[in-house]
Structures are given as C-alpha cells and as structure tokens.
K.L.:
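Okay, here's the structure, questions in a sec.
Bear in mind the structure is a predicted one, so any value in this text is a computation, not a measurement. Whatever order the structure lists them in is the order used to number ligands and atoms, beginning at 1.
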Amino acid sequence: MEFKKVGVIGCGLMGSGIAQTAATAGFETIVVEADEKALDKGFAGIQKSLEKFAEKGTITAETKDAALGRLHKSMDLAALADCDIVIEAIIENLDIKRELYKKLDAICKTETVFASNTSSISITQMMTATGAERQRRFVGLHFFNPVPIMKLVEVVKTILTDPEIFDHVDAFGKQLGKVTVKTSDRTGFIVNRLLVPYMLDAIRALEEGVGTIEDIDNAMKLGCGYPMGPFTLTDFVGVDTTYYITQVMYDEFKEKRFASPSLLTRMVAAGLYGRKSGRGFYDYTDPKNPKPMNLF
Ligand code: NAI
C-alpha cells in the first residue's frame, strides 16, 4: 500500500496547514471546503507561508513552486473519490462530522483511509457513521498548530483499526516530515491528557491566590523552561476551546482534574475568549504588550 493522493477536508487554520505540509512533502493534495471564502483565504495563507519559507531559505523556490503545483481545490466532496487517504479538519462537532463521514463513505473508493484531526471527539464515534470495510481503515491523525512548523503528529488507533493500516498511516506521518507518536482512542490522546489538567490547575492556583497571572506564567516559563506560561498558552489556544475540551474530557473520565474551574466557566460566559477576542487572561489592546486582566 502506498499513499499518493491526499485529500483534506476543511481549509481553516488546521486544514490549510495540513494541505501545505502534504504538498510540500510531495503528495498530490486536494482540499475540499464548504465555504468558498474560507477556501480562498486558506489558499492565500498557504501561498504566503510557502513564500516566507522560501525567503528564509527553509525551502527552495523550486520546492515552493512544486508544492503549489500539487495543490488543488474543490467545493465538491466527489473530488476526493480516488484519494488514498482523506484527512478531515472541519468544525469540532460530532453530528456534523458524522454526517460528513457518512457521505464520504459512499463517495470514496474502498481502499481510502479516513483520518480525523479532531482534538477531543472520540474517533470511534465518528467511525461508526461508516461501513464495516471503512471502519478497519479509520484512524485519528492529530496535528498541532501551526502545522508546517510543529513537529508532532499523534496517530490514533481504535479497537477496530487494522494494525497494518495503522502502521502505514504512522509511516505516512513520518513521510510528512513529522515525528509520530502512537496512541489509542481515549479523549485527549497523549498531549491533551497531560496538558489540559496542567492548564486547569494553573487556573485553580490563580483562584486560590497562589500567585498572580504574570507570576504563575513566569514561574512555569523560567522555572520549567516552558516556551510560554499556562495563561499565555490558554489565551493562545482559546479560553472557549479549552472550556469545550474540559466538557468532553470530564464527560469521558468523570475526574475533577478535567473539570472546568469556576473562573474558566465565567470567562467563557463573559466572552473573554483569549487572543482571538482581544481579552482573556490578558488584555491584547496593545498586542505586543499584553496586560494581565483583573479577573476578581
Ligand atoms: P477552523 O474553524 O479554522 O476551520 C474549519 C473549516 O472547516 C472552516 O473553514 C469551515 O468552513 C470548514 N467546514 C465546516 N464544515 C465543513 C464541511 N462539512 N465540509 C467541508 N468543510 C467544512 O477550525 P480548525 O481550528 O482548523 O479546526 C479543525 C479541526 O482540527 C477541529 O476538529 C479541531 O478540533 C482540530 N484541531 C484544531 C487545532 C487548533 O489549534 N485549532 C489543533 C489540533 C486539532
């Protein structure tokens, strides 16, 4: 089995990065979107990113041009019919993803492997929207933002994934230039399983007066060598996204360490979503000089 043609569904933040990475690695890549504006925006972003890499000398101008030549776009799922693997990166909503997989199962050839880039939804729950043959070929392929730069991919196996196909997808991840880690279909996989309780603990420490936003961030940055502190990170990921992940993880594990602290719940209710909304744990009125918020 050899993957030659890669399909990507969704051309937002993650889908555009995945498509760029696959095309740069030498795969014919076709991206399907439901929203034409998002598709154009995603492709403009890919072009800009590849140009930046070429200017910096990370890739040659020939590699950039070849990657752009391998990228194709469509608004029609039928364009994915003969792909060897389809990577889905659409909105994080189980019902919408299941509906998509049901349609896609009828469109794609029997051999096509389905891979979801979901951060928190159970791969098994999406997989059951497809037939028995596809269920053997259904995996998770969890990339990190920004995809062209972040080295890690989590390759996720369900209890029905064919072990040979799983190994093949793992090899494909390496062909994309990534370091792969293999994991099983448990909400949060490896990274979020460990990272989310850490972010939530930082919020609880803030609530208990253990330290200020700035001091807790500095403590973890300078004391542990983390590239950013937990509050800067939560604002970057999105306060609302973090909250959503706690809902899914708490639902699966029923453990307090995955439950949303009161402050996080209130921040979401108040619309303090982090960088994207201009305010979260920090105020980004001056984006180069964020100021800690007074949240009490
Ligand atoms: P996004 O909102 O930037 O992009 C999603 C895109 O999917 C939108 O452009 C939307 O028009 C399109 N879309 C929605 N329904 C569609 C359909 N039925 N058919 C085709 N296109 C459709 O979202 P983002 O951040 O790229 O996330 C996508 C997936 O990746 C989610 O499952 C998310 O959990 C996961 N993820 C996100 C990460 C992040 O840091 N944002 C990190 C790792 C995974």
K.L.:
Would Cys11 count as a polar contact of ligand 1, with the cut-off being nitrogen or oxygen pairs under 3.5 Å?
P.N.:
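Min N/O separation from ligand 1 is not below 3.5 Å for Cys11.
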K.L.:
Report, one line per pair, each donor and acceptor closer than 3.5 Å where one atom sits in a side chain of residues 3-19; sequence neighbours left out.
P.N.:
unit_1	atom_1	unit_2	atom_2	d
Lys5	NZ	Asp82	OD1	2.9
Ser16	OG	Gly12	O	2.7
Ser16	OG	Leu13	O	3.3

K.L.:
Can you see whether Thr63 engages Thr60 through a side-chain donor-acceptor pair at a distance of less than 3.5 angstrom?
P.N.:
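Thr63 vs Thr60: donor-acceptor pair found between side chains.
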K.L.:
Quick one: do Arg137 and Glu133 make a salt bridge, cutoff under 4.0 Å?
P.N.:
yes
K.L.:
For ligand 1 and Phe144, I'd like to know whether there is a polar contact (N/O to N/O, distance under 3.5 Å).
P.N.:
no
K.L.:
Search all heavy atoms of Ser119 against all heavy atoms of Phe189 and return the closest pair with its distance.
P.N.:
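Residues Ser119 and Phe189, closest heavy atoms: O-CE1, 4.2 Å.
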K.L.:
Hey, is CD on Glu255 packed in by over 12 heavy atoms from elsewhere, all under 6.0 Å?
P.N.:
yes
K.L.:
Looking only at heavy atoms, which two atoms of Lys73 and Asp40 are closest? And how far apart?
P.N.:
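That would be NZ-OD1, 3.2 Å.
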K.L.:
Under 3.5 Å, N or O to N or O, is Leu13 touching ligand 1 that way?
P.N.:
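Yes, at least one N or O pair falls under 3.5 Å.
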K.L.:
For atom 28 (C) of ligand 1, tell me which residue out of Gly10, Ala89, Ser116 has the closest non-hydrogen atom.
P.N.:
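Residue with the shortest heavy-atom distance to the ligand atom: Ala89.
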K.L.:
Say whether Lys97 and ligand 1 are in contact under the criterion: heavy-atom distance to a ligand atom below 4.0 Å.
P.N.:
yes
K.L.:
Would one find an N or O of Asp35, backbone or side chain, under 3.5 Å from an N or O of ligand 1?
P.N.:
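Such a contact does not occur with ligand 1.
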K.L.:
Please name the pair of heavy atoms, one in Met126 and one in Lys97, separated by the smallest distance, quoted to 0.1 Å.
P.N.:
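Scanning both residues, the minimum pair turns out to be SD-CD, 3.5 Å.
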K.L.:
Protein heavy atoms: any of them under 4.0 Å from atom 2 (O) of ligand 1?
P.N.:
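So far as the 4.0 Å threshold goes, atom 2 (O) of ligand 1 is out of reach of every protein heavy atom.
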K.L.:
Considering only heavy atoms of Thr118, which atoms of ligand 1 have at least one such atom less than 4.0 Å away?
P.N.:
32 (O)
K.L.:
Is His142 touching ligand 1 with its side chain, its backbone, both, or neither, if touching means heavy atoms under 4.0 Å apart?
P.N.:
side chain
K.L.:
Would you say the side chains of Asp217 and Tyr226 form a donor-acceptor pair under 3.5 Å?
P.N.:
no
K.L.:
As an exercise, identify every atom of ligand 1 less than 4.0 angstrom from a heavy atom of Ile9.
P.N.:
19 (N), 20 (C)
K.L.:
Using a strict 4.0 Å threshold on nitrogen-to-oxygen distance, state whether Asp84 and Lys109 make a salt bridge.
P.N.:
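Salt bridge present between Asp84 and Lys109.
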K.L.:
Identify the protein heavy atom lying closest to atom 6 (C) of ligand 1, giving its residue, its atom name and the separation to 0.1 Å.
P.N.:
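It is Glu33 OE2, 3.5 Å.
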K.L.:
Nearest non-hydrogen atom to atom 35 (C) of ligand 1 belongs to which of Leu104, Asn192, Ile90, Asn117?
P.N.:
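Considering heavy atoms of Leu104, Asn192, Ile90, Asn117, the nearest to atom 35 (C) of ligand 1 sits in Asn117.
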K.L.:
Below 6.0 angstrom between ring centroids: does that apply to Tyr273 and Tyr243?
P.N.:
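Aromatic pair excluded; centres sit 6.0 Å or further apart.
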K.L.:
Got the closest protein heavy atom to atom 40 (O) of ligand 1, with its distance?
P.N.:
Asn145 CB, 3.5 Å
K.L.:
Side chains of residues 139-148: which donor-acceptor pairs under 3.5 Å do they make with residues two or more places apart or in other chains?
P.N.:
unit_1	atom_1	unit_2	atom_2	d
His142	ND1	Glu154	OE1	2.8

K.L.:
Suppose we measure from atom 21 (N) of ligand 1 to each protein heavy atom; which comes out shortest, and what is that distance?
P.N.:
Ala34 N, 3.3 Å
K.L.:
Near Glu92, which atoms of ligand 1 are under 4.0 Å from a heavy atom of that residue?
P.N.:
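Near Glu92, the atoms of ligand 1 are 31 (C), 32 (O), 33 (C), 34 (O).
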K.L.:
Nearest heavy atom to atom 4 (O) of ligand 1 wins, so pick from Gly12, Ser119, Ala38.
P.N.:
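Result: the heavy atom closest to atom 4 (O) of ligand 1 is in Gly12.
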K.L.:
Among protein heavy atoms, which sits nearest to atom 24 (P) of ligand 1, and what does the distance come to when rounded to 0.1 Å?
P.N.:
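Protein heavy atom with the smallest distance to atom 24 (P) of ligand 1: Met14 CG, 3.9 Å.
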